[in-house]
Amino acid sequence: MSLSLNEEQMMLQDSARGFLQTKAPVSAFRELRDHPDKDGFNRQLWADMAAQGWAGITIPEQFGGVDFGYTGLGLILEEMGRTLTVSPMVSTVLMGATALNLGGSPAQKTALLPKIATGELIIPLALEETRHHNPEQTSLRATPVDKGYCLNGRKVFVLDAHVADTFIVLARTSEKNANCTGLSLFLVDSDTQGVTVERAHMLDSRNAGAVVFNDVTVSSESVVGEIDEGQELLQSVLDVAQIGLSAELLGISQQVFEMTLSYLKERKQFGVHIGSFQALQHRMAQMFCQIELCKSIVRRALNDLDAGHDNVSIVASAAKAKLCETVRRLTNEAIQLHGGIGMTDEFDLGFYIKRARVAQQTCGDYNYHLDRFARLNGY
Amino acid sequence: MSLSLNEEQMMLQDSARGFLQTKAPVSAFRELRDHPDKDGFNRQLWADMAAQGWAGITIPEQFGGVDFGYTGLGLILEEMGRTLTVSPMVSTVLMGATALNLGGSPAQKTALLPKIATGELIIPLALEETRHHNPEQTSLRATPVDKGYCLNGRKVFVLDAHVADTFIVLARTSEKNANCTGLSLFLVDSDTQGVTVERAHMLDSRNAGAVVFNDVTVSSESVVGEIDEGQELLQSVLDVAQIGLSAELLGISQQVFEMTLSYLKERKQFGVHIGSFQALQHRMAQMFCQIELCKSIVRRALNDLDAGHDNVSIVASAAKAKLCETVRRLTNEAIQLHGGIGMTDEFDLGFYIKRARVAQQTCGDYNYHLDRFARLNGY
Amino acid sequence: MLELDEFRRETRHWLEQNCPAEMRLPIREEDDDCWGGMYPTFKNEAQELWLDRMSERGWTTPAWPRSIGGGGLSKEQSEILHQELVRIKARPALLSFGIWMLGPVLLKYGSEAQKARFLPDIVRGKVRWCQGYSEPGSGSDLASLQTRAEDRGDHYLVNGSKIWTSYGDKADWVFCLVRTDNAAPKHEGISFLLFDMKSPGVTTKPITLISGKSPFSQLFFDDVRVPKENLVGEINRGWEIAKYLLTHEREMIGDMGTQSVSLSELAKEHIGLRNDMLVDPILRTDISRFTIDEMAFSDTLKRAADEAKAGQEMGAVSSMFKYFGTELNMSRFELMLSVTGNYSLGWEGEEFDEGNLPRAWLRSKGNAIEGGTSEIQLNIIAKRVLGLPSE
Amino acid sequence: MLELDEFRRETRHWLEQNCPAEMRLPIREEDDDCWGGMYPTFKNEAQELWLDRMSERGWTTPAWPRSIGGGGLSKEQSEILHQELVRIKARPALLSFGIWMLGPVLLKYGSEAQKARFLPDIVRGKVRWCQGYSEPGSGSDLASLQTRAEDRGDHYLVNGSKIWTSYGDKADWVFCLVRTDNAAPKHEGISFLLFDMKSPGVTTKPITLISGKSPFSQLFFDDVRVPKENLVGEINRGWEIAKYLLTHEREMIGDMGTQSVSLSELAKEHIGLRNDMLVDPILRTDISRFTIDEMAFSDTLKRAADEAKAGQEMGAVSSMFKYFGTELNMSRFELMLSVTGNYSLGWEGEEFDEGNLPRAWLRSKGNAIEGGTSEIQLNIIAKRVLGLPSE
């Protein structure tokens, strides 16, 4: 499989870039941040994005999607990183739809995937419980009751929590032992009795929140995948999530780099353009190389997903770690090279740093993935 | 206690520098390397150094030393790092004498310390058994026999092995348990029956070798410190060793930095001095800061030794780690900034890199000490 | 020595009698700080009392001469006073750019009349000063400043704008670098002026940072009339004063590197141990590396002080401290974020302590810019200390 | 497609018939490499036979035209030949700077007479070439070269010295940059000459590196007479050829970053695991970081190739690859030393494999210098790709 884009993919990239820069530029994000409403995202914009086929980009045609593959999804996320577009794309398309695609029963797929594809259904994963990503330590309990399960516990950092229609909830259904991981995934509608959502205000001004499950009863049909065997499905979903987030971080990295490059070419000090200082040139050249490496590893990871390779966990952690490392260096350097103006809220640079930080942390940060990479490689 | 040098210490520093640059400059080292003899160091020079009081610098006056303290020893080692002077200073004064000073019986001190102070006795530690510093895993066995012990095993990377008069050998005397570490230190003369020395040719052209102990019998009076309780004494000796090696690495760092700085001021390319390139200036300025930090931590560690502080293990590992990190960066940068000439054997730079590498590795490398630092701090 | 012991005893006694109990509690909120000024807002009586008592003795400025209200203490006595204040955990009686920045300038460059007029009010916190240095567009090239002061016979007419002025909206007076000769080389046409922020034509606009609200303002000067007697030092020789102040500022900012929350303790609490090692091995390594650098840096501060005492100068100390101190501070915040994980992503709400940590992290990014960028410090070290050429 | 399949079948068959078994064993020692030359030393018959058979078909230079003895293969066919050679683990029949460097230059810039005279001998390994580029004192500023070639009517008289010439002491001929116009701007007075190393006035001196013996020599030219027909391209236009060759060289050196001993396997063996993790947690992290970079770099090589095929140029590929490939190679050796610990300190003796590892580590330090320093590559990226100004 080639690591260059084919014609169809290049067309998608162009059209995504055109769409976002017209309909959802950074100024739209600023507007949203400065005038927060109850939704925290633009429903009309999301409907337009769905109409472009983006909400169903990875969903098979039989379930109403366009089945364009992960590379397509990655290209859209990359462009959204450039414009900081707020939408349920990460929570619902990258994660929710992937969980159903990979683990849903035929009935679940038939019921839910078409609604995702039209943009009607917001369906995030409710995963985290503590300050550090660690799904294996899940303690939210689902205990068997008559014809179903009863959930008790609290999830934090749930993306799009307060606008979600349905949650895919990670729960402990038995103790971990040699034969099973003891984890399971459940579909829980947000209006089910006992579900309470607490909206949180995050660094990147996006939607997230805590969800409390208090004696929440769901039917046996709500289980996604096998009971007690949720870990493997979850890891596959998370691998896709890592790679998608890496694509978004790639978009952020490129945008931040280009902003800095332009600034270095415009800004004069001591009578010359600051971009003529060799110390700054070398730093920019090194960052350029890093971005090229990032492009390649993200492209390759998306390729591997599309090809259904089985080593994808290793590549997913490699990509996330590499992108976290690069975007951190890049955003720090970008502020430093911009000087005072980069520190002001009037200038857009701060938005990228904030969004990058949240995306870095989502589903495991640099340290988590570097450690996981070693673990998966057996050392 | 002040971190600046007092007048006595400054005088020692000046006189050490003068002595070494006259009697043992780098050219002497080159001569020794190019015309290796059976000793591998200059006995006359060593006698002269002893006559300066250096061999007894930390030895109490009652045992024939000058009792100048660890700061004095550090200053000499630093200057020796600048000139790459080969002598038994590290093996015998920094390590052997320290072991006897801290753990020797009155009889052992009376018998051996005066001979060290005069330069007559070469007495290295025989410590390592594998490729990585790990005294706790010692497997050379000393088993009790009539009125003494019988040693069997092999030590590697023993400094000055083939010219040693006596070894201080780390041996396992019982299994490690809650009450004891099971390690002990023994004095073993090199001409004892069953001792075989294999000289090795090292990267830094200094003396080291393997020592095989084959049914070597020693008396009970040969135990240094308490039987089975050697670990604590050993750690104190190693703390001193780390700090002394850090001082030597500091001398190397400064010399390498100064050589590079001179080169940048002399060498012209593209019609200008290469030292005028801003990218190189910033790298030099950063390294300058690192060297200042190194000076401080070495000075402080020596101070703490002289003051008898009890947190000295933490400082010792901190100093060794910091110096290893800095000297590695510095030597790599020095070659890069010198260009091709730095790669040639004709130029002295390579000697410093090689010696630095060995000193970094001796008694635990960067990784070992960074890990130990965390361990000692309880995390 | 006996005299100093006596001084310590007396000082300790006086502080115990005069420092109100409330002024020995840790500083919790912004308004726990006392900045004085013409229209001061004291949080409570104790704050006002503490300022009055300390400034009456001149101990807000212990080393300044008695003649202008200072404490007139020797270096050793000042050090003892400092130690005794630390001992009882006393809050500073007064924070003031007048004390930190303008005072040293006036003592060195001011006329007798200026000293008599301005210094006593600084000592007593009666006038709050701000600094007019950077301009939009000047950045690291401070000497390229464009704010003009035209000679109009009995006064200067000032036009232009200053940026990054801390508490510009709360200050009574400003000390300010202005261009008084457009034809001269850029370093030779700069002068140092003082003027009242209530002068007609002065306006301020607050600056919001990526971390949220900030103490910074932009100042605008539109035909501001400044009496000629308010010129400090010689006309067109203000750059010398500016350099003097910059060195001073660098040292203050560089000091930030030595804060003392233990990262390893924080990590143990948030991340936990397994087999006595932090569960996150990468963080464990990063914390060790950072802590060693922090040790080496604080040893260097101490060594510099000890060597200065012994007459052995290190050279470019302030640039090195500014550069490395801010690097350390920024690393510390990066590590704090790693340690606290998702918690550090909260921006508002009690649950997240109103985003204090990520805000401080974002704010720290400015450290290597303000007070002379890291690049400027490295240039200074390369040129002044290492003597590298600038062809 | 059918044609290519047929070619593959035939090639495979021919190789199986013609590649001697000894030539399929891994290369162990220096003299397992075959460099040909006028006075060749073959280690064994198989080596000579293999060279003869391959060069007869022109397969030492598969893509060169048949007219001068090359293989005349298409790009696809060359690729297939390469794959089939890899499949049977065949050793290269011939190593040659003639093939890698001079050949492409002559094919592009040489006269018909020069092609006919020199290329067939290169294909067959009959003449061994070396390169005369760098000079003592020229360093990164290659165009500042001082070796002069004076026009003496029917010949040039060459005086000067070249350094860092690989196998200069073993070569039959040299291709060489010389200054033919002292008055012109430095890039415009350079020419490209070929001459016989046996010409009177040519001497060589081996260079010892910090890693020990090296293939490098310094060449000295003392009144060497070179016939005018040995000028390649136009007089004073040699810099264009030099740049062409440098790009070529960068790509070759950059490739080194993708070697494939697994560091983690080596570390497991030398350091061991505890709870399934490497006992040294810092090394574990460093290896992960390195391995990810290595993955990303090899993905980038592949992407560059794929994009080039698809007509999407990346820009300054060769500088990026040279820079990053050598960084990776140097990091790899640093890690190898950490993994092997004290073992890596041995310099001689069987026990230490004669110091192969530390010697290779030291040798790797030169990677970021030779073939254009890392600084030069970063300059190129900054200027040519990023378009940053050079005021």
Side-chain angles (χ1 to χ4, degrees), chain B residues 1-7 10 257-258 260-261 264-265 268 270-278 280-290 292-301 303 314-315 317-323 325-326 366-367 369-379, chain C residues 262-265 267-268 271-273 276-279 281 283-289 291-312 314-317 319-321 323-324 327 374-375 377-391:
Chain B
M1 216 180 203
S2 167
L3 288 179
S4 65
L5 295 181
N6 64 31
E7 221 161 302
M10 283 169 70
F257 183 77
E258 287 164 22
T260 307
L261 187 60
L264 290 178
K265 289 179 185 176
K268 280 193 156 191
F270 305 103
V272 298
H273 288 104
I274 60 175
S276 69
F277 292 122
Q278 196 197 28
L280 309 192
Q281 290 187 342
H282 281 194
R283 281 151 68 180
M284 289 300 285
Q286 286 167 334
M287 288 190 278
F288 168 80
C289 292
Q290 290 297 330
E292 290 299 320
L293 297 184
C294 285
K295 281 187 199 168
S296 309
I297 203 163
V298 168
R299 189 77 58 79
R300 181 254 181 96
N303 247 359
I314 288 178
V315 175
S317 277
K320 184 81 191 296
K322 184 71 200 162
L323 267 291
E325 181 192 40
T326 303
Y366 176 68
N367 291 3
H369 286 287
L370 208 57
D371 180 71
R372 182 170 181 255
F373 181 85
R375 219 165 355 102
L376 292 170
N377 278 293
Y379 65 93
Chain C
S262 159
L263 276 168
S264 59
E265 289 307 314
K268 277 193 229 171
I271 300 204
L273 302 177
D276 299 326
M277 285 161 69
L278 273 186
V279 171
L283 189 58
R284 178 173 180 266
T285 303
D286 289 344
I287 289 177
S288 299
R289 207 168 270 162
T291 308
I292 291 172
D293 273 343
E294 201 177 42
M295 279 173 66
F297 184 64
S298 90
D299 289 341
T300 306
L301 291 174
K302 170 148 171 46
R303 181 167 66 90
D306 289 345
E307 290 186 345
K309 260 185 231 160
Q312 308 152 12
M314 271 173 107
V317 169
S319 285
M320 189 172 86
F321 290 169
Y323 167 69
F324 208 83
E327 288 291 317
S374 287
E375 288 75 16
Q377 308 313 325
L378 293 174
N379 285 343
I380 291 174
I381 295 169
K383 280 167 193 153
R384 298 210 202 132
V385 188
L386 304 181
L388 286 165
S390 43
E391 275 150 278

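No experiment lies behind these values; they were computed from the predicted model shown. Within every chain, numbering begins at 1; the chains are lettered A, B, ... in the order of the sequence lines, protein sequences first and strands thereafter.
- Heavy atoms closer than 4.5 Å to chain B are found in the side chain of Lys383(C), but not in its backbone.
- Phe288(B) and Ile381(C) make their closest contact through CD2-CG2, 3.6 Å (heavy atoms, listed as atom of the first residue, atom of the second, distance).
- The nearest pair of heavy atoms linking Arg303(C) to Ser296(B) is NE-OG, 2.9 Å.
- With chain B as the partner, the residue from Ala382(C), Ser374(C), Ala267(C) showing the most heavy-atom pairs under 4.5 Å is Ala382(C).
- Two residues are said to be in side-chain contact when any heavy atoms from C-beta on lie closer than 4.5 Å; Lys302(C) and Arg300(B) fail this criterion.
- The structure places SG of Cys289(B) at 9.5 Å from CD of Glu327(C), a figure rounded to the nearest 0.5 Å.
- Looking at Arg289(C) and Glu325(B), their side chains come closer than 4.5 Å, going by heavy atoms from C-beta outward.
- Between the side chain of Gln281(B) and the backbone N or O of Pro389(C), at least one donor-acceptor pair lies under 3.5 Å.
- For the pair Ala321(B) and Ile292(C), the tightest heavy-atom approach, listed with the atom from each and the gap, is CB-CD1, 4.0 Å.
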Test log, rule side-chain contact (heavy atoms from CB on, under 4.5 Å), inputs Met284(B) and Leu378(C): CA-CA 9 Å; Met284(B) 289 300 285; Leu378(C) 293 174; over 6 Å; no

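- Within the model, atoms CG of Leu388(C) and NE2 of His282(B) stand 10.5 Å from one another, a figure rounded to the nearest 0.5 Å.
- One distance of note links CG of Leu301(C) with CG of Leu3(B); it measures 10.5 Å at 0.5 Å rounding.
- Of all the listed residues (Ile271(C), Leu273(C), Asn379(C), Thr285(C)), the one sharing the greatest number of non-hydrogen pairs under 4.5 Å with chain B is Asn379(C).
- Ranked by heavy-atom pairs under 4.5 Å with chain C, the first of Val298(B), Leu261(B), Leu264(B), Asn367(B) is Leu261(B).
- Proximity to chain B involves both the backbone and the side chain of Ile287(C), based on heavy atoms less than 4.5 angstrom apart.
- A donor-acceptor contact shorter than 3.5 Å links the side chain of Lys265(B) to the backbone of Leu386(C).
- Taking CD1 of Ile297(B) as the start and CG of Asp299(C) as the end, the distance is 6.0 Å to the nearest 0.5 Å.
- For the pair Arg284(C) (side chain) and Asp371(B) (backbone), a donor-acceptor distance under 3.5 Å is present.
- We find that Lys295(B) and Glu307(C) are not joined by a salt bridge, their nearest charged nitrogen and carboxylate oxygen being 4.0 Å or further apart.
- Atom CG of Asp306(C) is separated from atom CG of Asn6(B) by 12.0 Å, given to the nearest 0.5 angstrom.
- In this structure, CG on Asn377(B) lies 12.0 Å from CG on Leu263(C), to the nearest 0.5 angstrom.
- With respect to Tyr379(B), the side chain to side chain donor-acceptor pair (under 3.5 Å) criterion is satisfied by exactly one of Ser288(C), Ser262(C), Ser264(C): Ser288(C).
- Nearest heavy atom pair, residue Glu292(B) against residue Met320(C), reads CG-SD, 3.5 Å.
- Interface summary for chain C: among Gln286(B), Arg375(B), Arg299(B), the most heavy-atom pairs under 4.5 angstrom belong to Gln286(B).
- When all heavy atoms are compared, the tightest approach of Phe297(C) to Leu293(B) is CA-CD2, 3.6 Å.
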